[in-house]
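Down below is the structure, laid out as structure tokens.
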Amino acid sequence: MRTSCYRLLSASPITRVTPKLKRMALHPAQDGAKLIFAPTGAASHPAAPSPSLGEAGPGQAAQFVKAEQRGGLRRRDLDPASPIAQFHAWFTAASRLEAGVAHPETCTLATAQLPSGRVSARMVYMKELDRRGFVVYSNFGTSGKGRDLEGNPWASLVFWWEPLERQVRVEGRAERLTREESQAYFDTRVRGSRVGAWASRQSQVLRPGEREDDGRAELEGWVKEAEEKFEGVEQVPVPDFWGGLRIVPERVEFWQGRQNRLHDRFVYERVHCEGEEEGEGKWTLDRLSP
């Protein structure tokens, strides 16, 4: 019997509609209207050199050259079976003191609202990695991400480790952790952060009060209420609206910067097969054009 396998994120034919746009010059005249044009980052500021990047002429972005001496990133350098294992290897390297990455767990979490398709993104910390995926923690009761995920479980993470000239992109479905799992992490936070999780109605507009108050007083009032609620309570329970979110990957891309923007890109895509157990599945591995 033939087994049916498929990839959820495989590209399908798209009918392209070409909008009528005004013809633009390839190199528009610089008339001073642009507040920023082709910035070159720290390399353009002598006080903040970027030794990991190659030399560039005036007004040119610096080159990515760290991987050049070792021949860049090749398929044989990657785990042949699992992007989770490969991410763990890269994260371990980024976590070493000599790597120079201050917070390798920092990533961008992007979600999209339906039916509008409006995308929003924010910086978060990845707090856990397991065989199923990548875990972050947040408020999902009043936040924009919670609103998006309620109607659209697809989400994306992006990790950027500049000193290593590496990027990892994760795309997949989001699932909430159990209350018990969330409580286990919640207990590791300092008490002020646990109380703050109860107090903050994330993303709600704070109304200005009297005199010079710009809305901060309302937040501080909520914090005071939460402190009074849990006064004398040693173990603060995790709120129902707060907890862990696991991004179960369907697609993971590993990017290594290379000279002349000819970067190395490899992508894993999950292959689903009939009858497989939850959490199983095989992965394809392909090199992408930069």
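We number each residue from 1, following the sequence as shown. Hydrogens, waters and symmetry mates are skipped; everything else that's a heavy atom, side chains included, is used.
Residues satisfying the ring-ring contact (aromatic ring centres under 6.0 Å, His included) criterion with W160, sequence neighbours excluded, are W255. Residues passing the side-chain hydrogen bond (donor to acceptor under 3.5 Å, both in side chains) test with S82, sequence neighbours excluded: none. Applying the side-chain hydrogen bond (donor to acceptor under 3.5 Å, both in side chains) criterion to E68, with sequence neighbours excluded, gives R258. Among residues two or more places apart in sequence or in another chain, the side-chain hydrogen bond (donor to acceptor under 3.5 Å, both in side chains) test is passed with S138 by K145. Evaluation of the salt bridge (Lys or Arg N to Asp or Glu O under 4.0 Å) rule for E105 yields no partner, not counting sequence neighbours. Qualifying salt bridge (Lys or Arg N to Asp or Glu O under 4.0 Å) partners for R96, counting only residues two or more places apart in sequence or in other chains: none.
Side-chain contact between Q86 and W283 is absent, with no heavy-atom pair separated by less than 4.5 Å. A 4.5 Å side-chain heavy-atom check between R173 and W154 finds at least one atom pair inside the cut-off. Contact of the T142 side chain with the S203 side chain is not registered, since no non-hydrogen atoms from C-beta on lie closer than 4.5 Å. Between S143 and F241, every side-chain heavy-atom pair lies at or beyond the 4.5 Å cut-off. For the pair E210 and D213, the minimum side-chain heavy-atom distance is 4.5 Å or more.
The two residues G257 and F64 make their nearest non-hydrogen contact at C-CB, 3.7 Å. Between A226 and A199, the shortest heavy-atom contact is CB-CB, 4.1 Å. Residue Q256 comes nearest to L164 through the heavy atom pair NE2-O, 3.2 Å, listed as atom of the first residue, atom of the second, then distance. In terms of heavy-atom proximity, A99 sits nearest to A93 at CB-O, 3.3 Å. Nearest approach of G215 to L206, heavy atoms of both residues: O-CB, 3.5 Å.
For residues 164-185, every residue pair satisfying the ring pair (Phe, Tyr, Trp, His ring centres under 6.0 Å) rule, not counting sequence neighbours, is listed here: Y137-Y185. Contacts classified as salt bridge (charged side-chain N to carboxylate O under 4.0 Å, His left out) and involving residues 228-245 (residues at least two apart or in different chains) are given here: R179-D240. Residue pairs meeting the salt bridge (charged side-chain N to carboxylate O under 4.0 Å, His left out) criterion with at least one member in residues 187-209, sequence neighbours excluded, do not occur. Pairs passing the salt bridge (charged side-chain N to carboxylate O under 4.0 Å, His left out) check and including a residue from residues 73-88, sequence neighbours excluded, read R74-D77.
Environment of CD in E150: sparse, with no more than 12 heavy atoms of neighbouring residues, nucleotides or ligands closer than 6.0 Å.
Between the side chains of E250 and H272, at least one donor-acceptor pair of N or O atoms lies under 3.5 Å. No side-chain donor from either of T111 and R147 sits under 3.5 Å from a side-chain acceptor of the other. N139 and S200 form no side-chain donor-acceptor contact under 3.5 Å, judged by distance and modelled atom types alone.
Remark: Q202 CD to F140 CZ distance equals 8.5 Å, nearest 0.5 Å. The line from CD of Q167 to NE2 of H263 is 9.0 Å long, rounded to the nearest 0.5 Å.
A ring-centre distance under 6.0 Å is not found for W90 and F159.
In this structure, M123 stands alone, with no Ile, Leu, Val, Met, Phe, Trp or Tyr side-chain heavy atom under 4.5 Å from its own, directly or through other members. V267 shares a hydrophobic cluster with L288; the chain of contacts runs through ILVMFWY side chains whose heavy atoms sit under 4.5 Å apart.
With respect to R169 and E171, a salt bridge is recorded, a charged nitrogen being found less than 4.0 Å from a carboxylate O.
In this structure, F254 and F87 have tilted ring planes: the angle between them lies in the 30° to 60° band.
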Exercise for the section: Could you give me the CA-CA distance, side-chain angles and deciding distance for R287 and D264, then say whether side chain to side chain contact (heavy atoms under 4.5 Å, CB included) is met? Expected result: CA-CA 8 Å; R287 178 186 277 273; D264 289 324; 2.8 Å; yes

